[in-house]
Amino acid sequence: MRTAFKIFSILILLSSQLFGQIANEIESYVDSTEILVKNGRKMIFKELNDNNIIKVKEIYNYLIKITDEEYYSAFYYVEDFYINMLSDDWEKIDQLMIDFENQSQKIVYPNTQQLFYKLNDVILKDTDKILFNCQESQINDDAKKIIEFILYYIREGELIKDYNAKLNSIKKEFKGSEYDSFIKSFLPKKKIKAAWSFAFGSGMIFTTDDLSNFFSNGVSYNMGMDININKLFTSLYLHGSGLKLQIPFSAASYFDTLNFEKNESFNYLDAGLKTGYFLIRNNSFHVAPYVSISGSFLMSNRYDNPEDSDLEYEVFNSFTYGAGLHTEVKILDFKYPNAYYAGPSAGYFSIKFEGGYSKIVKFKDAYAKGNTPYFICALVLGYGQF
């Protein structure tokens, strides 16, 4: 028994010594290449700020050399591309485009200095000069044409109107060529003029026919979520108001007879979907006629407890359809960095005005028939292209 205990104690001692040795090895381990890469990328960022492209290229070449046999790379593909573009190494650019499938698989050391946006800013300031240097280089005309297209995109960004046509043309021209993979995978995809926005505002709800004899027009609140794709306008919306009674009346509910006084407020709500087509959609102004489908109701507001809503008197609770006109005026743009490639993604603030007519299909009481035209004005926060 004592022998077994001694053996067990020796094993524990040896294990603790082994683990301690491993811990010391881990603590003392330093990947000198990783440190060089991280510091080198910080230096490149500094030299870019100083517009010292010669120094940037020297650091770049050194980091490429020391990571040649490493699992991790010193630069992402797009960084390789932009640094060589800035340093007029057009032969290297041509090689990067031809060997895109292999070169684009690089994995960079984590937690390194971010370079893409700074590189893009420097290129954006000198696109004309870079294009001139490219045209004067010895690379082939096909490569020059592709590089010219990339610089065109960097310079124009979201303002490009005919990007899709140009992209289709260049894809068709170089289909099956040595640049085919680069063009399909690296060039920004087709542009879809799309925006997603939120709107909050006020307006007026109007009443017609017999409904207008009983209920006055009312100031409304509205909110909406709009999705615009190319020429298609869509909006999920909600309009609400309190419509005041103009003529006293009595009505029997399932549980009681209710007497309503003049100026008593009834709750009105209309919520649904608008969809239309942009007749005008430019950088500052929108016009789109639309049709709508929704559900709406008008009911009394006697009971404070929401659980008692079934005791309220409903004038109508109905499917509704209608039509209207959407207009929108942009106030200002704001921009934020895009997560990939060049060019900004954009957001905007605008004001929208809508006027429409809602047809109420079914009423509880035949004497209260009518419809609800409306007008709204709302402040819009949008993301994407106005």
**Message:** Ring centres under 6.0 Å, that's the criterion: do Y163 and F149 meet it?
**Reply:** yes
**Message:** Within the supplied structure, the quantity of interest is the number of heavy atoms (other residues, nucleotides, ligands) at a distance under 6.0 Å from I54 CD1; does it exceed 12?
**Reply:** no
**Prompt:** S197 side chain to G382 main-chain N or O, any donor-acceptor pair under 3.5 Å?
**Reply:** no
**Asked** What are the two closest heavy atoms between G242 and S265, and how far apart are they?
**Response** CA-OG, 3.6 Å
**Asked** At what distance, to the nearest 0.5 angstrom, does CD1 of I146 lie from OH of Y179?
**Response** 6.0 Å
**Request:** Could you tell me whether K145 and D141 make a salt bridge, using a distance below 4.0 angstrom between a side-chain N and a carboxylate O?
**Result:** no
**Message:** Nearest 0.5 angstrom please: N52 CG to M43 CE, how far?
**Reply:** 10.0 Å
**Prompt:** Any donor-acceptor pair under 3.5 Å linking the side chain of R281 with the backbone of K231?
**Reply:** no
**Message:** Can you tell me if K171 has over 12 outside heavy atoms packed within less than 6.0 Å of its NZ?
**Reply:** yes
**Request:** Using a strict cut-off of less than 4.0 Å between a Lys/Arg side-chain nitrogen and an Asp/Glu carboxylate oxygen, indicate whether D80 and K106 qualify as a salt bridge.
**Result:** yes
**Request:** Please answer whether the main-chain N or O of I360 pairs with a side-chain N or O of N371 as donor and acceptor at a distance below 3.5 Å.
**Result:** yes
**Request:** Keeping the roles fixed (side chain from S241, backbone from V219), state whether a donor-acceptor pair exists under 3.5 Å.
**Result:** yes
**Request:** Check whether the side chains of K118 and N49 place a donor and an acceptor atom closer than 3.5 Å, and report yes or no.
**Result:** yes
**Asked** Which residue pairs pass the ring pair (Phe, Tyr, Trp, His ring centres under 6.0 Å) test with at least one member in residues 40-64, sequence neighbours excluded?
**Response** Y60-F75
**Request:** Please identify each residue that fulfils side-chain hydrogen bond (donor to acceptor under 3.5 Å, both in side chains) with Y72, with sequence neighbours left out.
**Result:** none
**Prompt:** Who passes side-chain hydrogen bond (donor to acceptor under 3.5 Å, both in side chains) against E101, sequence neighbours left out?
**Reply:** S181
**Prompt:** What is the ring orientation for F182 with Y77, classed by angle as parallel under 30°, tilted 30 to 60°, or perpendicular over 60°?
**Reply:** tilted
**Request:** Report, as yes or no, whether the 6.0 Å neighbourhood of atom CZ on F132 holds more than 12 heavy atoms from other residues, nucleotides or ligands.
**Result:** no
**Any side-chain donor near an acceptor of the partner, K57 and N84, under 3.5 Å** = yes
**Prompt:** Hey, what's the ring geometry for H286 with H326, parallel, tilted or perpendicular (30° and 60° as the breaks)?
**Reply:** tilted
**Message:** Counting C-beta onward and ignoring hydrogens, is there a side-chain heavy-atom pair between N168 and K190 closer than 4.5 Å?
**Reply:** yes
**Asked** Do F116 and Y76 have their ring centres less than 6.0 Å from each other?
**Response** no
**Prompt:** Can you find a heavy atom in the side chain of N267 that is under 4.5 Å from one in the side chain of E312?
**Reply:** no
**Message:** Heavy-atom count check: over 12 atoms from other residues, nucleotides or ligands less than 6.0 Å from K55 NZ?
**Reply:** no
**Prompt:** Would a 4.5 Å heavy-atom cut-off, applied to side chains only, mark N259 and P248 as touching?
**Reply:** no
**Prompt:** Parallel, tilted or perpendicular: which fits the ring planes of F334 and Y383, with parallel below 30° and perpendicular above 60°?
**Reply:** perpendicular
